[in-house]
Amino acid sequence: MVKLAAKCILTGDSAVGKSALSQMFCNDGAHFQKNYTLTTGVELLVKTVSVPETSNSVELFLFDSAGKELFSEMIEKLWEQPNALCIVYDVTNEQSFNSCAKWLEKLRARTLGMHLPGVLVGNKTDLIGRRVVEQKRAQEWAEIHGLQYCETSVKLSGCQELFLCTSHNLVMQCPLLVPGHRRAKEDATVL
């Protein structure tokens, strides 16, 4: 059994649903907060995820980052050495999708050339009639930039699958877990 601790950065423009995403995940979808409160700086949430079909788990430290430029200098200092990234946009807001390139560039500047597992998340899919960013376009953008892609409505369906997938990718990229790797161990703890 391996337990990893991983720093996962959630970023994107303000009001795209980053806080709702992280809060719904951490409370197992029990409570969707209807009132929007602007995140100032970074909110840290922690949850342990059991990786399906393995005996491994990942303790995810979710850094829910403010989306306003006003806070960018402060939050980028807290982004040092992430293990995973999650860029969120609102499918009803073209500008939030266009900003994903900026957020990805800022995050990758903190990774010192390392490849990180990451996902582009299209949120607010419940607002069907207001959608302006098509799924195919976003999937292609994610693929070009080496990210996985998923869509959700945090309000209606939560986000458990997103973080399960991220945790699985973290476990698969850990050299202690790769069969045949000279450092592979059965009962390692990587923190």
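Quick note: numbers below take in every heavy atom, side chains included, and nothing from hydrogens, waters or symmetry partners.
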### Query
Charged N to carboxylate O under 4.0 angstrom, Glu94 versus Arg131?
no
### Query
Side chains of Asn98 and Trp141: does their closest heavy-atom pair fall under 4.5 Å?
no
### Greater than 12 external heavy atoms within 6.0 Å of Arg137's CZ
yes
### No-hydrogen, no-angle side-chain donor-acceptor test under 3.5 Å, Ser99 and Asp13
yes
### Task
Tell me, with the steps shown, if Glu105 and Trp103 meet side chain to side chain contact (heavy atoms under 4.5 Å, CB included).
CA-CA 5 Å; Glu105 183 180 325; Trp103 294 113; over 6 Å; no
### Task
Keeping the roles fixed (side chain from Asn123, backbone from Val16), state whether a donor-acceptor pair exists under 3.5 Å.
yes
### Query
About how many Å separate OG1 of Thr92 and CD1 of Ile128, when rounded to the nearest 0.5 Å?
12.5 Å
### Task
Looking only at non-hydrogen atoms, find the nearest pair between Cys100 and Ile87 and report the distance.
SG-CG2, 3.8 Å
### Query
With a 3.5 Å cut-off and no angle check, do the side chains of Asp90 and Ser96 form a donor-acceptor pair?
no
#### Entry: Hydrophobic cluster membership, Val46 vs Ile9, 4.5 Å side-chain cutoff
yes
### Summary
What one should report as the nearest heavy-atom pair of Ala5 and Asn83 is O-OD1, 4.2 Å
### Query
Taking Thr125 for the side chain and Thr152 for the main chain, is one N or O donor matched with an acceptor at less than 3.5 Å?
yes
### Query
Taking all non-hydrogen atoms of both residues, which atom of Tyr149 and which atom of Glu151 are closest, and how far apart?
OH-OE2, 2.6 Å
### Task
Find out whether Tyr89 and Gln95 are in side-chain contact, i.e. whether some heavy atom of one side chain is under 4.5 Å from a heavy atom of the other.
no
### Query
For Ala142 and Gln148, which heavy atoms make the closest approach, and how far apart are they?
CB-O, 3.9 Å
## Note on the structure
The single option from Leu147, Leu120, Thr11 that satisfies side chain to side chain contact (heavy atoms under 4.5 Å, CB included) with Leu85 is Leu147
### Summary
Correct closest heavy-atom pair for Lys124 and Ala15 would be NZ-O, 2.7 Å
### Message
Looking at Lys7 and Leu62, would you say the former's side chain and the latter's main chain have a donor-acceptor pair under 3.5 Å?
### Response
no
### Query
Between Ser19 and Leu21, does a side chain to side chain contact (heavy atoms under 4.5 Å, CB included) hold up when you go through it step by step?
CA-CA 5 Å; Ser19 295; Leu21 189 73; over 6 Å; no
### Query
Which atoms form the tightest heavy-atom contact between Asp64 and Lys18, and what is the distance?
OD1-CB, 3.5 Å
### Query
If Ile, Leu, Val, Met, Phe, Trp and Tyr residues are connected whenever their side-chain heavy atoms lie under 4.5 Å apart, and connections chain through other members, are Val91 and Leu127 in the same group?
no
